[in-house]
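Throughout, a chain's letter reflects where its sequence line sits, starting with A, and its residues are numbered from 1.
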Number of protein chains: 2
Amino acid sequence: MGKDEIDLTEKQILRRGEILDSATKLFLNESYGRTTMDNVLTLVGGSKRTLYKYFPNKEALFTAIIEQVSDRVLSAFTPLPREGTFREALIDMGARYLQVMTSAECISLYRAMVAEAPHFPDLADNFLQNGPCRASQHLAEYLRSHAKNNRLRITDPDLCAAQFMGAVRGNVHFHAVFNGRVPTKKETRMISETAVETLLNGWRK
Amino acid sequence: MGKDEIDLTEKQILRRGEILDSATKLFLNESYGRTTMDNVLTLVGGSKRTLYKYFPNKEALFTAIIEQVSDRVLSAFTPLPREGTFREALIDMGARYLQVMTSAECISLYRAMVAEAPHFPDLADNFLQNGPCRASQHLAEYLRSHAKNNRLRITDPDLCAAQFMGAVRGNVHFHAVFNGRVPTKKETRMISETAVETLLNGWRK
DNA sequence: TTCATATGGTACGATTTCGTATCCTTCAAC
DNA sequence: GTTGAAGGATACGAAATCGTACCATATGAA
(Lines give C-alpha, C1' and ligand atoms only; values in the text may rest on other atoms or scores of the structure.)
Protein backbone atom coordinates (compact mmCIF):
# COMPACT_ATOMS: atom_id res chain seq x y z
CA MET A 1 0.00 0.00 0.00
CA GLY A 2 1.34 3.45 0.88
CA LYS A 3 4.91 2.39 1.46
CA ASP A 4 6.67 5.20 3.21
CA GLU A 5 5.43 8.23 1.35
CA ILE A 6 3.86 9.41 4.56
CA ASP A 7 6.49 11.94 5.49
CA LEU A 8 7.04 14.50 2.79
CA THR A 9 8.24 17.99 3.49
CA GLU A 10 6.26 20.90 2.16
CA LYS A 11 9.13 21.54 -0.19
CA GLN A 12 9.25 17.96 -1.37
CA ILE A 13 5.59 18.02 -2.18
CA LEU A 14 6.18 21.08 -4.29
CA ARG A 15 9.14 19.51 -6.03
CA ARG A 16 7.11 16.41 -6.75
CA GLY A 17 4.39 18.56 -8.17
CA GLU A 18 6.81 20.39 -10.44
CA ILE A 19 8.11 17.14 -11.81
CA LEU A 20 4.60 15.85 -12.30
CA ASP A 21 3.49 18.96 -14.17
CA SER A 22 6.47 19.07 -16.47
CA ALA A 23 6.23 15.37 -17.20
CA THR A 24 2.54 15.76 -17.94
CA LYS A 25 3.27 18.05 -20.87
CA LEU A 26 5.61 15.50 -22.40
CA PHE A 27 3.51 12.41 -21.83
CA LEU A 28 0.38 14.05 -23.19
CA ASN A 29 1.98 15.76 -26.17
CA GLU A 30 4.03 12.75 -27.14
CA SER A 31 2.94 9.22 -26.41
CA TYR A 32 4.03 7.02 -23.55
CA GLY A 33 6.48 5.17 -25.75
CA ARG A 34 7.98 8.26 -27.27
CA THR A 35 8.52 10.00 -23.97
CA THR A 36 11.75 9.13 -22.23
CA MET A 37 12.77 9.63 -18.66
CA ASP A 38 15.83 11.55 -19.79
CA ASN A 39 13.53 13.74 -21.78
CA VAL A 40 11.50 14.44 -18.67
CA LEU A 41 14.66 15.23 -16.83
CA THR A 42 15.98 17.80 -19.26
CA LEU A 43 12.65 19.60 -19.12
CA VAL A 44 12.18 19.57 -15.37
CA GLY A 45 15.83 19.94 -14.51
CA GLY A 46 17.40 18.24 -11.56
CA SER A 47 18.83 14.79 -11.28
CA LYS A 48 17.70 11.28 -11.91
CA ARG A 49 18.01 10.54 -8.26
CA THR A 50 15.16 12.84 -7.30
CA LEU A 51 13.06 11.80 -10.24
CA TYR A 52 13.31 8.14 -9.34
CA LYS A 53 12.81 8.93 -5.70
CA TYR A 54 9.35 10.32 -6.25
CA PHE A 55 8.42 7.97 -9.08
CA PRO A 56 10.11 4.59 -8.85
CA ASN A 57 9.74 3.89 -12.56
CA LYS A 58 8.23 5.12 -15.78
CA GLU A 59 4.92 3.34 -15.32
CA ALA A 60 4.44 4.86 -11.89
CA LEU A 61 5.10 8.32 -13.28
CA PHE A 62 2.63 7.77 -16.10
CA THR A 63 0.02 6.44 -13.72
CA ALA A 64 0.39 9.45 -11.44
CA ILE A 65 0.11 11.78 -14.41
CA ILE A 66 -3.01 10.17 -15.79
CA GLU A 67 -4.68 10.11 -12.40
CA GLN A 68 -4.02 13.79 -11.86
CA VAL A 69 -5.10 14.87 -15.31
CA SER A 70 -8.16 12.65 -15.18
CA ASP A 71 -9.21 14.21 -11.91
CA ARG A 72 -8.73 17.69 -13.25
CA VAL A 73 -10.33 17.21 -16.66
CA LEU A 74 -13.18 14.91 -15.73
CA SER A 75 -14.20 17.00 -12.74
CA ALA A 76 -15.91 19.16 -15.34
CA PHE A 77 -18.48 16.38 -15.63
CA THR A 78 -19.89 17.01 -12.19
CA PRO A 79 -23.49 18.13 -12.35
CA LEU A 80 -24.22 21.82 -12.10
CA PRO A 81 -27.25 23.29 -10.43
CA ARG A 82 -29.76 23.48 -13.28
CA GLU A 83 -31.61 26.65 -14.01
CA GLY A 84 -33.85 27.73 -16.82
CA THR A 85 -36.23 25.56 -18.76
CA PHE A 86 -35.87 21.87 -19.35
CA ARG A 87 -34.79 22.48 -22.92
CA GLU A 88 -32.19 25.02 -21.89
CA ALA A 89 -30.83 22.64 -19.31
CA LEU A 90 -30.41 19.95 -21.94
CA ILE A 91 -28.71 22.35 -24.28
CA ASP A 92 -26.33 23.40 -21.53
CA MET A 93 -25.48 19.85 -20.61
CA GLY A 94 -24.87 18.88 -24.23
CA ALA A 95 -22.77 21.92 -24.98
CA ARG A 96 -20.76 21.55 -21.81
CA TYR A 97 -20.18 17.88 -22.53
CA LEU A 98 -18.95 18.54 -26.04
CA GLN A 99 -16.85 21.46 -24.90
CA VAL A 100 -15.02 19.31 -22.38
CA MET A 101 -14.70 16.31 -24.66
CA THR A 102 -13.08 18.34 -27.43
CA SER A 103 -10.84 20.42 -25.20
CA ALA A 104 -7.17 20.06 -25.98
CA GLU A 105 -6.41 18.49 -22.63
CA CYS A 106 -9.21 15.96 -22.86
CA ILE A 107 -8.23 14.99 -26.39
CA SER A 108 -4.66 14.39 -25.28
CA LEU A 109 -5.89 12.38 -22.34
CA TYR A 110 -8.24 10.44 -24.58
CA ARG A 111 -5.45 9.67 -26.99
CA ALA A 112 -3.21 8.39 -24.22
CA MET A 113 -5.97 6.27 -22.72
CA VAL A 114 -7.00 4.71 -26.01
CA ALA A 115 -3.40 3.92 -26.84
CA GLU A 116 -2.50 2.48 -23.46
CA ALA A 117 -5.81 0.92 -22.45
CA PRO A 118 -4.53 -2.65 -22.94
CA HIS A 119 -1.52 -1.99 -20.72
CA PHE A 120 -3.19 0.22 -18.12
CA PRO A 121 -6.70 -1.26 -17.90
CA ASP A 122 -7.44 0.30 -14.53
CA LEU A 123 -6.68 3.78 -15.77
CA ALA A 124 -8.74 3.20 -18.88
CA ASP A 125 -11.69 1.97 -16.88
CA ASN A 126 -11.43 4.93 -14.55
CA PHE A 127 -11.45 7.30 -17.50
CA LEU A 128 -14.48 5.61 -19.01
CA GLN A 129 -16.45 5.56 -15.78
CA ASN A 130 -15.59 9.02 -14.51
CA GLY A 131 -15.69 10.53 -17.98
CA PRO A 132 -18.30 9.79 -20.62
CA CYS A 133 -20.27 7.35 -18.47
CA ARG A 134 -20.60 9.68 -15.54
CA ALA A 135 -21.67 12.53 -17.78
CA SER A 136 -24.45 10.51 -19.34
CA GLN A 137 -25.45 9.13 -15.95
CA HIS A 138 -26.05 12.63 -14.73
CA LEU A 139 -28.14 13.33 -17.76
CA ALA A 140 -30.02 10.07 -17.20
CA GLU A 141 -30.80 11.13 -13.67
CA TYR A 142 -32.03 14.44 -14.94
CA LEU A 143 -34.22 12.76 -17.52
CA ARG A 144 -35.55 10.35 -14.94
CA SER A 145 -36.73 13.14 -12.72
CA HIS A 146 -38.09 15.41 -15.43
CA ALA A 147 -39.55 13.01 -17.97
CA LYS A 148 -43.04 12.95 -16.55
CA ASN A 149 -43.40 16.68 -16.10
CA ASN A 150 -42.44 17.18 -19.71
CA ARG A 151 -44.62 14.35 -21.02
CA LEU A 152 -41.69 12.38 -22.44
CA ARG A 153 -41.83 8.73 -23.36
CA ILE A 154 -38.51 7.59 -21.95
CA THR A 155 -38.44 3.95 -20.98
CA ASP A 156 -34.69 3.64 -20.57
CA PRO A 157 -33.16 6.92 -19.33
CA ASP A 158 -29.61 5.56 -19.39
CA LEU A 159 -29.87 4.54 -23.01
CA CYS A 160 -31.55 7.78 -23.96
CA ALA A 161 -28.89 9.78 -22.21
CA ALA A 162 -26.11 7.88 -23.95
CA GLN A 163 -27.84 8.39 -27.29
CA PHE A 164 -28.20 12.08 -26.63
CA MET A 165 -24.53 12.44 -25.75
CA GLY A 166 -23.65 10.43 -28.80
CA ALA A 167 -25.80 12.62 -31.01
CA VAL A 168 -24.11 15.70 -29.63
CA ARG A 169 -20.70 14.18 -30.29
CA GLY A 170 -21.69 13.26 -33.82
CA ASN A 171 -18.49 13.21 -35.83
CA VAL A 172 -17.12 16.24 -34.05
CA HIS A 173 -15.14 14.26 -31.54
CA PHE A 174 -13.66 12.12 -34.29
CA HIS A 175 -12.57 15.22 -36.12
CA ALA A 176 -10.95 16.57 -32.97
CA VAL A 177 -9.08 13.32 -32.42
CA PHE A 178 -7.92 12.65 -35.97
CA ASN A 179 -7.73 16.10 -37.47
CA GLY A 180 -7.27 18.37 -34.52
CA ARG A 181 -10.31 20.28 -35.71
CA VAL A 182 -12.12 21.43 -32.60
CA PRO A 183 -15.36 23.40 -32.63
CA THR A 184 -15.69 26.88 -31.23
CA LYS A 185 -17.89 27.51 -28.25
CA LYS A 186 -20.58 28.88 -30.53
CA GLU A 187 -20.47 25.82 -32.72
CA THR A 188 -20.74 23.47 -29.77
CA ARG A 189 -23.78 25.34 -28.61
CA MET A 190 -25.39 25.21 -32.03
CA ILE A 191 -24.67 21.50 -32.30
CA SER A 192 -26.19 20.85 -28.91
CA GLU A 193 -29.22 22.95 -29.80
CA THR A 194 -29.99 20.95 -32.91
CA ALA A 195 -29.52 17.69 -31.06
CA VAL A 196 -31.89 18.81 -28.33
CA GLU A 197 -34.36 19.98 -30.95
CA THR A 198 -34.48 16.58 -32.57
CA LEU A 199 -34.26 14.32 -29.56
CA LEU A 200 -36.66 16.30 -27.42
CA ASN A 201 -39.15 16.15 -30.25
CA GLY A 202 -38.40 12.45 -30.65
CA TRP A 203 -39.08 11.73 -27.00
CA ARG A 204 -42.44 13.48 -27.04
CA LYS A 205 -45.46 11.28 -26.64
CA MET B 1 7.11 7.46 -57.33
CA GLY B 2 6.89 3.68 -57.41
CA LYS B 3 10.64 3.15 -57.37
CA ASP B 4 11.33 -0.27 -58.77
CA GLU B 5 8.65 -2.38 -57.25
CA ILE B 6 7.31 -2.99 -60.73
CA ASP B 7 8.76 -6.42 -61.23
CA LEU B 8 7.63 -8.85 -58.57
CA THR B 9 7.29 -12.55 -59.14
CA GLU B 10 4.02 -14.24 -58.31
CA LYS B 11 5.84 -15.92 -55.48
CA GLN B 12 7.28 -12.68 -54.20
CA ILE B 13 3.89 -11.12 -54.08
CA LEU B 14 2.70 -14.04 -51.99
CA ARG B 15 5.69 -13.78 -49.69
CA ARG B 16 5.13 -10.10 -49.24
CA GLY B 17 1.52 -10.81 -48.41
CA GLU B 18 2.49 -13.39 -45.80
CA ILE B 19 4.79 -10.93 -44.10
CA LEU B 20 2.15 -8.26 -44.22
CA ASP B 21 -0.50 -10.50 -42.70
CA SER B 22 1.69 -11.77 -39.90
CA ALA B 23 2.95 -8.30 -39.10
CA THR B 24 -0.62 -7.05 -39.06
CA LYS B 25 -1.47 -9.28 -36.12
CA LEU B 26 1.42 -7.92 -34.11
CA PHE B 27 0.99 -4.25 -34.93
CA LEU B 28 -2.73 -4.34 -34.22
CA ASN B 29 -2.58 -6.44 -31.06
CA GLU B 30 0.34 -4.56 -29.64
CA SER B 31 1.01 -0.95 -30.41
CA TYR B 32 3.42 0.47 -32.93
CA GLY B 33 6.00 1.20 -30.26
CA ARG B 34 5.77 -2.17 -28.62
CA THR B 35 6.07 -4.11 -31.85
CA THR B 36 9.62 -4.77 -32.95
CA MET B 37 10.93 -5.82 -36.32
CA ASP B 38 12.63 -8.82 -34.71
CA ASN B 39 9.29 -9.72 -33.24
CA VAL B 40 7.72 -9.64 -36.67
CA LEU B 41 10.53 -11.79 -37.93
CA THR B 42 10.17 -14.57 -35.41
CA LEU B 43 6.47 -14.77 -36.19
CA VAL B 44 6.72 -14.71 -39.95
CA GLY B 45 9.95 -16.67 -40.14
CA GLY B 46 12.59 -15.91 -42.70
CA SER B 47 15.35 -13.40 -42.56
CA LYS B 48 15.78 -9.72 -42.07
CA ARG B 49 17.02 -9.46 -45.59
CA THR B 50 13.66 -10.31 -47.11
CA LEU B 51 11.73 -8.31 -44.57
CA TYR B 52 13.69 -5.16 -45.30
CA LYS B 53 13.56 -5.85 -49.00
CA TYR B 54 9.80 -5.60 -49.12
CA PHE B 55 9.48 -2.93 -46.44
CA PRO B 56 12.46 -0.61 -46.22
CA ASN B 57 11.77 0.35 -42.61
CA LYS B 58 9.34 0.05 -39.77
CA GLU B 59 7.25 3.04 -40.75
CA ALA B 60 6.79 1.73 -44.26
CA LEU B 61 5.65 -1.62 -42.91
CA PHE B 62 3.21 0.06 -40.56
CA THR B 63 1.88 2.27 -43.32
CA ALA B 64 1.33 -0.71 -45.61
CA ILE B 65 -0.44 -2.57 -42.83
CA ILE B 66 -2.77 0.27 -41.98
CA GLU B 67 -3.60 0.91 -45.61
CA GLN B 68 -4.50 -2.73 -46.18
CA VAL B 69 -6.53 -3.10 -43.00
CA SER B 70 -8.27 0.21 -43.61
CA ASP B 71 -9.27 -0.89 -47.07
CA ARG B 72 -10.59 -4.20 -45.82
CA VAL B 73 -12.40 -2.94 -42.74
CA LEU B 74 -13.78 0.30 -44.09
CA SER B 75 -15.03 -1.29 -47.28
CA ALA B 76 -17.93 -2.42 -45.11
CA PHE B 77 -19.07 1.19 -45.19
CA THR B 78 -19.97 1.09 -48.86
CA PRO B 79 -23.68 1.59 -49.38
CA LEU B 80 -25.83 -1.46 -49.92
CA PRO B 81 -28.86 -1.56 -52.16
CA ARG B 82 -31.66 -0.56 -49.83
CA GLU B 83 -34.79 -2.60 -49.56
CA GLY B 84 -37.72 -2.55 -47.24
CA THR B 85 -39.27 0.50 -45.69
CA PHE B 86 -37.51 3.73 -44.89
CA ARG B 87 -37.47 2.86 -41.23
CA GLU B 88 -36.02 -0.59 -41.86
CA ALA B 89 -33.34 0.88 -44.07
CA LEU B 90 -32.32 3.27 -41.30
CA ILE B 91 -32.22 0.44 -38.78
CA ASP B 92 -30.07 -1.60 -41.10
CA MET B 93 -27.64 1.22 -41.70
CA GLY B 94 -27.34 1.97 -38.00
CA ALA B 95 -26.90 -1.64 -37.00
CA ARG B 96 -24.39 -2.27 -39.73
CA TYR B 97 -22.45 0.83 -38.78
CA LEU B 98 -22.28 -0.15 -35.14
CA GLN B 99 -21.43 -3.72 -35.99
CA VAL B 100 -18.44 -2.65 -38.05
CA MET B 101 -17.30 0.03 -35.62
CA THR B 102 -17.22 -2.38 -32.70
CA SER B 103 -15.71 -5.31 -34.57
CA ALA B 104 -12.44 -6.50 -33.12
CA GLU B 105 -10.50 -5.51 -36.21
CA CYS B 106 -11.96 -2.03 -36.38
CA ILE B 107 -11.32 -1.44 -32.70
CA SER B 108 -7.70 -2.45 -33.13
CA LEU B 109 -7.41 -0.21 -36.16
CA TYR B 110 -9.08 2.63 -34.31
CA ARG B 111 -6.71 2.24 -31.40
CA ALA B 112 -3.69 2.33 -33.67
CA MET B 113 -4.97 5.36 -35.54
CA VAL B 114 -5.81 7.34 -32.42
CA ALA B 115 -2.43 6.57 -30.94
CA GLU B 116 -0.42 7.36 -34.05
CA ALA B 117 -2.52 10.12 -35.57
CA PRO B 118 0.05 12.80 -34.70
CA HIS B 119 2.83 10.85 -36.37
CA PHE B 120 0.89 9.46 -39.34
CA PRO B 121 -1.57 12.26 -40.10
CA ASP B 122 -2.29 11.05 -43.62
CA LEU B 123 -3.31 7.62 -42.42
CA ALA B 124 -5.45 9.13 -39.69
CA ASP B 125 -7.17 11.42 -42.14
CA ASN B 126 -7.79 8.55 -44.52
CA PHE B 127 -9.34 6.54 -41.71
CA LEU B 128 -11.58 9.40 -40.70
CA GLN B 129 -12.72 10.16 -44.23
CA ASN B 130 -13.20 6.59 -45.46
CA GLY B 131 -14.56 5.41 -42.14
CA PRO B 132 -17.03 7.29 -39.98
CA CYS B 133 -17.37 10.26 -42.35
CA ARG B 134 -18.12 8.15 -45.39
CA ALA B 135 -20.68 6.13 -43.51
CA SER B 136 -22.57 9.18 -42.40
CA GLN B 137 -22.25 10.74 -45.84
CA HIS B 138 -24.06 7.77 -47.30
CA LEU B 139 -26.75 8.14 -44.73
CA ALA B 140 -26.94 11.84 -45.49
CA GLU B 141 -27.44 11.08 -49.14
CA TYR B 142 -30.17 8.65 -48.28
CA LEU B 143 -31.86 11.20 -46.05
CA ARG B 144 -31.58 13.85 -48.73
CA SER B 145 -33.39 11.71 -51.24
CA HIS B 146 -36.06 10.36 -48.91
CA ALA B 147 -36.79 13.25 -46.58
CA LYS B 148 -39.61 14.72 -48.60
CA ASN B 149 -41.44 11.48 -49.26
CA ASN B 150 -41.43 10.77 -45.56
CA ARG B 151 -42.40 14.29 -44.54
CA LEU B 152 -39.23 14.89 -42.53
CA ARG B 153 -37.98 18.28 -41.48
CA ILE B 154 -34.31 17.88 -42.24
CA THR B 155 -32.54 21.10 -43.03
CA ASP B 156 -28.99 19.77 -42.75
CA PRO B 157 -28.78 16.12 -43.83
CA ASP B 158 -25.07 15.85 -43.08
CA LEU B 159 -25.51 17.04 -39.52
CA CYS B 160 -28.56 14.83 -39.03
CA ALA B 161 -26.72 11.82 -40.36
CA ALA B 162 -23.77 12.43 -38.06
CA GLN B 163 -26.10 12.85 -35.11
CA PHE B 164 -27.87 9.63 -35.96
CA MET B 165 -24.61 7.71 -36.19
CA GLY B 166 -23.53 9.28 -32.93
CA ALA B 167 -26.75 8.31 -31.25
CA VAL B 168 -26.30 4.74 -32.43
CA ARG B 169 -22.75 4.69 -31.08
CA GLY B 170 -23.87 6.10 -27.76
CA ASN B 171 -21.36 4.88 -25.22
CA VAL B 172 -21.11 1.46 -26.84
CA HIS B 173 -18.07 2.34 -28.86
CA PHE B 174 -16.33 3.76 -25.80
CA HIS B 175 -17.01 0.57 -23.93
CA ALA B 176 -15.58 -1.46 -26.78
CA VAL B 177 -12.45 0.67 -26.87
CA PHE B 178 -11.77 0.91 -23.15
CA ASN B 179 -13.34 -2.22 -21.77
CA GLY B 180 -13.34 -4.61 -24.67
CA ARG B 181 -17.07 -5.00 -24.13
CA VAL B 182 -18.61 -5.38 -27.58
CA PRO B 183 -22.33 -5.78 -28.20
CA THR B 184 -23.83 -8.85 -29.78
CA LYS B 185 -25.52 -8.63 -33.14
CA LYS B 186 -28.91 -8.63 -31.43
CA GLU B 187 -27.91 -5.83 -29.14
CA THR B 188 -26.61 -3.70 -32.00
CA ARG B 189 -29.92 -4.14 -33.77
CA MET B 190 -31.89 -3.22 -30.70
CA ILE B 191 -29.73 -0.16 -30.14
CA SER B 192 -30.19 0.95 -33.71
CA GLU B 193 -33.93 0.36 -33.47
CA THR B 194 -34.33 2.61 -30.46
CA ALA B 195 -32.19 5.29 -32.08
CA VAL B 196 -34.29 5.16 -35.23
CA GLU B 197 -37.44 5.26 -33.16
CA THR B 198 -36.39 8.44 -31.44
CA LEU B 199 -34.72 10.28 -34.28
CA LEU B 200 -37.29 9.42 -36.88
CA ASN B 201 -39.95 10.71 -34.56
CA GLY B 202 -37.83 13.75 -33.85
CA TRP B 203 -37.46 14.56 -37.55
CA ARG B 204 -41.21 14.38 -38.17
CA LYS B 205 -42.88 17.63 -38.97
C1' DT C 1 29.86 24.06 14.00
C1' DT C 2 28.66 19.50 12.82
C1' DC C 3 26.30 16.03 10.88
C1' DA C 4 22.68 13.74 8.39
C1' DT C 5 19.82 14.05 4.63
C1' DA C 6 18.23 15.67 0.15
C1' DT C 7 19.62 16.94 -4.24
C1' DG C 8 22.30 17.89 -8.52
C1' DG C 9 25.32 16.14 -12.01
C1' DT C 10 26.86 12.44 -14.36
C1' DA C 11 28.87 8.15 -15.36
C1' DC C 12 27.67 3.51 -16.13
C1' DG C 13 25.73 -1.24 -17.05
C1' DA C 14 22.47 -3.85 -19.16
C1' DT C 15 19.25 -4.31 -22.50
C1' DT C 16 16.69 -3.35 -26.54
C1' DT C 17 16.11 -2.16 -31.19
C1' DC C 18 16.71 -0.53 -35.85
C1' DG C 19 18.87 -1.37 -39.92
C1' DT C 20 23.16 -3.27 -42.44
C1' DA C 21 26.45 -6.65 -43.74
C1' DT C 22 28.10 -11.34 -44.26
C1' DC C 23 27.98 -16.13 -45.32
C1' DC C 24 25.77 -19.93 -47.05
C1' DT C 25 21.83 -22.56 -49.08
C1' DT C 26 18.10 -23.13 -52.37
C1' DC C 27 15.94 -22.83 -56.55
C1' DA C 28 14.82 -21.73 -61.14
C1' DA C 29 16.37 -20.64 -65.86
C1' DC C 30 19.31 -21.76 -69.56
C1' DG D 1 25.11 -29.29 -64.99
C1' DT D 2 26.05 -24.29 -64.50
C1' DT D 3 25.00 -19.95 -63.05
C1' DG D 4 22.93 -16.16 -60.96
C1' DA D 5 19.46 -14.28 -58.17
C1' DA D 6 16.51 -14.80 -54.02
C1' DG D 7 16.20 -16.11 -49.46
C1' DG D 8 17.52 -17.88 -44.72
C1' DA D 9 20.42 -17.49 -40.49
C1' DT D 10 22.92 -14.57 -37.92
C1' DA D 11 26.45 -11.42 -36.56
C1' DC D 12 27.18 -6.69 -36.00
C1' DG D 13 27.26 -1.46 -35.37
C1' DA D 14 25.18 2.36 -33.55
C1' DA D 15 22.03 4.56 -30.91
C1' DA D 16 18.55 4.85 -27.43
C1' DT D 17 16.74 3.96 -22.95
C1' DC D 18 15.75 2.35 -18.32
C1' DG D 19 17.30 2.32 -13.90
C1' DT D 20 21.48 2.30 -10.58
C1' DA D 21 25.74 3.98 -8.54
C1' DC D 22 28.84 7.40 -7.14
C1' DC D 23 30.51 11.83 -5.68
C1' DA D 24 30.11 16.65 -4.60
C1' DT D 25 27.17 20.27 -2.86
C1' DA D 26 23.52 22.51 -0.35
C1' DT D 27 20.34 22.71 3.27
C1' DG D 28 18.50 22.29 7.62
C1' DA D 29 18.53 20.61 12.35
C1' DA D 30 21.05 19.57 16.78
ask   = How close or far is atom C1' of C/dG19 from atom CG of B/N39, stated in whole angstroms?
value = 16 Å
query = With no hydrogens and no angle check, do the side chains of B/E141 and B/H146 hold a donor and an acceptor under 3.5 Å apart?
reply = no
query = Is there a donor in the side chain of A/S136 and an acceptor in the side chain of B/N171, or the other way round, less than 3.5 Å apart?
reply = yes
ask   = Is the shortest side-chain N/O distance from B/K11 to OP1 or OP2 of C/dA28 below 4.0 Å?
value = yes
Modelled atom types, side-chain donor and acceptor of B/S75 and B/T78, under 3.5 Å = no
ask   = Ignoring hydrogens and angles, does a donor from either the side chain of B/T50 or the base of D/dG7 sit under 3.5 Å from an acceptor on the other?
value = no
query = Does A/R34 CZ have over 12 foreign heavy atoms under 6.0 Å away?
reply = yes
ask   = D/dT10 P sits how many Å from B/L51 CG, rounded?
value = 16 Å
task = Give the B/S/- string for nucleotides 15-25 of chain D, one per nucleotide from 5' to 3', where a protein heavy atom under 4.0 Å of the base yields B, of only the sugar-phosphate yields S, and otherwise -.
result = --SBBB-BB--
query = Just how far, in rounded Å, is P of D/dA6 from CD1 of B/I19?
reply = 14 Å
query = A/F55 near the nucleic acid: base, sugar-phosphate alone, or nothing, with a heavy-atom cut-off under 4.0 Å?
reply = nothing
ask   = Does a side-chain N or O from A/K53 land closer than 4.0 Å to OP1 or OP2 of C/dT7, or not?
value = yes
Student check: side-chain heavy atoms of B/D71 and B/L74 closer than 4.5 Å = no
ask   = Can you check the B/Q12 CD to C/dC27 P distance for me, whole Å?
value = 15 Å
request  = Report yes or no: do B/Q99 and B/T188 form a side-chain donor-acceptor pair below 3.5 Å?
outcome  = yes
Value in whole Å for how far the P atom of C/dC27 lies from CZ of B/R15 = 13 Å
